[in-house]
Student: 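One structure is given below, represented as C-alpha cells, and several questions about it will come after.
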Amino acid sequence: MPAPTIFNGFLGSARIAARQFLNGPRKWVILLAGGLLPGLLALFVFGAKEAYIHPFLQLIDGLYLQGLGLFIALLGAIPGFSSDAEDGTSIYLFSRPTPRWVVVLGKWAGTVVPLTVLMLLPVLAAWPFALMQQQPYETRYSHLVPIPVPKGMEHQPGGYPSVGPHGGQVIILPNGTPAEQVFETHTENPRLPARGRDLFAALVGVTLAALEFGTFFFCIGVFLKYPYIVAIVYTVIVEIIVGATVQMRIHTLSRLVRATAHYCLGEIPPFLASFQEIAPSGLTCTISLIAVPAACLGLACWVISRRAFIGKSV
Amino acid sequence: MTAPLAIQFAGVTRWYGQVVALRDVTINIAGGVVGLLGPNGAGKTTFLRIVTGSMPPSMGTAWVLGGPSWKRPELFLRVGYCPDHDNFWEFMTGREFVEALLGVHGYTRADSKAMAAKSIDRVRGGEFADRKIFTYSKGMRQRLKLAQALAHDPELLVLDEPLNGADPIIRRDVIELVKELGREGRHVIISSHVLHEVEAMTPNVVLMHRGRVRAAGNVHDIRMMIDRHPHSIVMKTPRPRDLAALLARENDVSELAIGADAVTVRTPSPDRFYARLPQLAIEGGIPVEEIQSPDDNLDAVFKYLTEG
C-alpha cells in the first residue's frame, strides 16, 4: 500500500476545486463573457489614439479590474465552502488524513490560480494589437490664449512665437487679429522603449488584483453560501458610489494594486500619478499585496479547522 | 499489551443549540462488526460524526482507535466513512469521484487510479463507474459511497445507513460485503433503523433512543420484542398494482396499501418476507427500485424498553 503525503493531499484538493471552478458550460460562458469581452470591447470600441499609454491598459485599470469582468467571473464561478458544507460534500474532503488547513489551501489554489490565468488571457491577447497600434509620437492639442500682437506687426500676417504655456505659434490673420487656434504638437512617445515593461506591469497588476479579489471572495465563501450577495453589495458601494467620485476612486483596491505594480517596477507613470496623487508607500504595498490575502486565507483555514460539520440528520 | 478499543465514549454529550442529540453516552466498543440501531432522530448520525471527527463532543471524551477523534486527521489513515446523505460532485464520473478523494487522501494520481479501480470492483460498481454521477440510481450511489470509504483499505469502516433506499440486489451485496469485511478482521460500525438489516450482518448491536444508549449486546435478545410488532415495508416500483397483486398471495403479508409509485405492506414475519422478496420480484418481472422500512415498529419497541 503506497503512503499518502500531505503535499499530494494539497494537490488533490486543488484538482477538485479547479474542476468545480471550471465545470459546466454555464460557468465557461460567464468566465469568458466576464473575462474576455471587456478586453475585446476595449480594443475595438476604443481606438488607440493616445500612444502614451494604450487605452486598453487604462481600461484594464478602470473597467476590467474594478468592474464588470472580475465581478461577473467571481460572482458565477467561485465555489464556496459553505455550499459544500450545506450539501454535505465537504464531509468527503474532511474525512481524510490531510489536515483541514491543507485542504483549504488546496481549494484556494484550485480556485484562484485558474481565475488568475483567465484574467491574464485578455491582457496577453490584447498586447499584439496594442503594439500594432502604438504611435511613435504623443499628440497633444493646445488651446492657445490670444495674446497682444507685437507692436508694429499688426498689419503683417504670419506666424509668431507664442508666449503661452505650450509654446507653438500665433497666427496673425490678414485682418490683423490673432487667431484663437488649437495647436497640435507632437512629442516623442517616452513609453515607446518601455512597452515590454508596460505589459509586465499590466500582467503583475492583473495577477495581484486577481489574487487579492480571488482570496477575498474565497474567504467570503467560507462564511456565506452565496458570496455574490456580498459581491453585489461590494460592487454597488465601491464601484458605483465610491467610483463616482474621482478622489474617492483612487482608494479602490484595484487601483492601488495596479499602482503598486508600477511602484515595484520603480516608476509611477504620470497617468496614474495624476489620479493617484500619492504614490503608495512600502507599508501600503505590503498590506495590500501580502497581509490582506494572507489574513483572509489564515482566517479561512482557522475557521474551517474548528468548524463542526453538521448535516441534516441527527 | 492489548489492542486499543475501536471506540471509547465517556460521558459524551452533543447538542445543537437547544437540541440535545447525544446525552451522556458512555460506551466501549471492542471491534468487529457492530450495528448501531435506533429510530430516526435517535442520535446515530451524531454518534458516527463524532467517531469520524466531523464534530467534537460538546462534553465528554470520544476516543477512536486509541486516540481522540476530534482534530486528529491521521485517524483517517485507518478509518473509512460512508455518510448518510447522497450528495456528490455530480459532474464527475463515479471513478473520477473515488480517484479525486484518494487524491485528497494524499495518494499520487497513479496510485489513486489503481486503488479506485480495486475498490470499485469490490462494490461491483464497474458497470457504471465511468458514467456521470447525476445519472446514477439510489443503489449506484450507495455503492459509490462504499467504494470511496473502502478505497484506502481502512481498519475501521463507519457506514451510516448504507442500506437506506437500496434495491434488493444492493441490499444483498452490501450485507455480504460487510460480513466479508468482518471476516477479514476489520471493524465495521453500521447504523440502521431496521433490525433485520443489522441482524443479517452481525449479532452485536448498540441500541440508541433519544440520544442515549439503551442497550448493547446480542441482537437476539431484542428481536423477540420486535417481532411482537408488525413490521412496515415500503417498496418503490413503477408498477405498484402488479406488485401488490403478487404480494397479496403471500402468507407473510398481513396488510397491503397501494400508492402512486409504491406499495406498503405490514408483515408479522419480516425475516421471511425480506428473504422471499428478491425471488418474488424476479419471478414476477417487476422492478423494485427502493425498499424503505419506516421505523414505527422499532420506535414502538423503544417505547416499550424505555417506558415499560
Side-chain angles (χ1 to χ4, degrees), chain A residues 1-28 77 79 83-107 109-110 301-302 304-314, chain B residues 14 16 19 21-22 40-46 49-50 52-56 58 70-92 96-97 99-112 114-115 145 148-149 152-153 158 160-161 211:
Chain A
M1 176 70 72
T5 64
I6 288 179
F7 180 67
N8 283 334
F10 167 81
L11 292 180
S13 172
R15 276 195 292 266
I16 292 177
R19 286 201 62 179
Q20 283 182 286
F21 181 62
L22 300 172
N23 169 59
R26 185 181 62 88
K27 281 196 175 172
W28 274 103
S83 56
D84 280 353
E86 178 79 13
D87 68 21
T89 44
S90 56
I91 284 281
Y92 294 114
L93 291 174
F94 297 130
S95 51
R96 306 285 147 192
T98 306
R100 287 184 181 189
W101 65 269
V102 176
V103 175
V104 174
L105 284 184
K107 187 143 182 164
C301 289
W302 184 75
I304 292 289
S305 294
R306 293 171 59 86
R307 183 181 281 178
F309 286 90
I310 301 163
K312 287 163 190 159
S313 306
V314 176
Chain B
R14 173 74 210 192
Y16 309 106
V19 178
L22 281 186
N40 288 334
K44 303 188 296 294
T45 295
T46 301
R49 289 211 164 136
I50 290 175
T52 55
S54 299
M55 63 173 72
S58 304
W70 177 239
K71 289 192 176 175
R72 188 171 154 232
E74 65 274 17
L75 178 67
F76 288 103
L77 291 168
R78 302 164 66 194
V79 174
Y81 180 40
C82 172
D84 60 333
H85 59 72
D86 267 346
N87 297 310
F88 303 88
W89 296 297
E90 305 273 342
F91 57 86
M92 292 184 182
E96 287 170 345
F97 181 74
E99 285 174 8
L101 290 176
L102 283 166
V104 182
H105 213 93
Y107 293 107
T108 62
R109 293 185 87 167
D111 290 338
S112 299
M115 293 164 76
K145 282 195 295 184
Q148 64 81 30
H152 58 285
D153 200 21
V158 179
D160 196 353
E161 301 268 7

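In the text below, chain A, chain B and the rest are named by the order of the sequence lines, each starting its count at 1.
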Student: Atom CG in L11(A), atom OG1 in T108(B): separation rounded to 0.5 Å?
Tutor: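 The distance works out to 10.5 Å.
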
Student: Between R96(A) and F76(B), which heavy-atom pair has the shortest distance, and what is it?
Tutor: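 Where R96(A) meets F76(B) most closely, the heavy atoms are C-CB, 3.4 Å.
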
Student: Tell me, side chain or backbone of L101(B) under 4.5 Å from chain A's heavy atoms, or both, or neither?
Tutor: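 Both backbone and side chain.
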
Student: Parallel, tilted or perpendicular, judged at 30° and 60°: which one describes the rings of W89(B) and Y92(A)?
Tutor: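 It falls in the tilted class, 30° to 60°.
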
Student: Shortest non-hydrogen contact from R15(A) to G103(B)?
Tutor: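 For R15(A) versus G103(B), the nearest heavy atoms are NH2-CA, 4.5 Å.
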
Student: Against chain A, label Q148(B) side chain, backbone, both or neither, depending on which of its atoms sit under 4.5 Å from a heavy atom there.
Tutor: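 Both parts, backbone and side chain.
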
Student: Heavy-atom distances under 4.5 Å only: say whether R100(A) touches chain B with side chain, backbone, both or neither.
Tutor: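 Only the side chain of R100(A) comes within 4.5 Å of chain B.
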
Student: Using every non-hydrogen atom in the two residues, find where V104(B) and S13(A) come nearest and quote the distance to one decimal.
Tutor: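 Of all heavy-atom pairs spanning V104(B) and S13(A), the closest is CG2-N, 3.8 Å.
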
Student: With a 4.5 Å cut-off on heavy-atom pairs, point out which of V79(B), D86(B), L77(B) contacts chain A the most.
Tutor: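 Top count of heavy-atom pairs under 4.5 Å with chain A: L77(B).
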
Student: Any heavy-atom pair between the side chains of R49(B) and I91(A) that's under 4.5 Å?
Tutor: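 Heavy-atom side-chain distance check passes, below 4.5 Å.
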
Student: Taking every heavy-atom pair that is under 4.5 Å apart, which of L22(B), V158(B), D111(B) has the most such pairs with chain A?
Tutor: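 Max contact count across the listed options: D111(B).
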
Student: Please determine whether the number of non-hydrogen atoms from other residues, nucleotides or ligands lying under 6.0 Å from atom CH2 of W101(A) exceeds 12.
Tutor: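 Counting neighbours around CH2 of W101(A), 12 or fewer heavy atoms of other residues, nucleotides or ligands fall under 6.0 Å, so no.
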
Student: State, yes or no, whether a side-chain contact exists between H105(B) and P97(A) at a heavy-atom distance under 4.5 Å.
Tutor: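 The answer is yes, as the side chains (C-beta and beyond) meet within the 4.5 Å cut-off.
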
Student: Against chain A, label T52(B) side chain, backbone, both or neither, depending on which of its atoms sit under 4.5 Å from a heavy atom there.
Tutor: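 Neither part; nothing is under 4.5 Å.
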
Student: Considering only heavy atoms and a distance below 4.5 Å, find which of E96(B), E74(B), K71(B) pairs most often with chain A.
Tutor: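 Most heavy-atom pairs within the cutoff with chain A belong to E96(B).
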
Student: How long is the span from the CD atom in E99(B) to the CD1 atom in I16(A), to the nearest 0.5 Å?
Tutor: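 It is 11.0 Å, given to the nearest 0.5 Å.
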
Student: Step through the shown structure and confirm whether more than 12 heavy atoms of other residues, nucleotides or ligands are within 6.0 Å of CZ on R19(A).
Tutor: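 Above 12, so yes.
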
Student: If you take all heavy atoms of A3(A) and Y107(B), which pair is closest and at what distance?
Tutor: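 Taking every non-hydrogen atom into account, C-CE2, 4.3 Å.
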
Student: I'd like to know whether CZ of F91(B) has more than 12 heavy-atom contacts from other residues, nucleotides or ligands below 6.0 angstrom.
Tutor: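 Correct, the count exceeds 12.
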
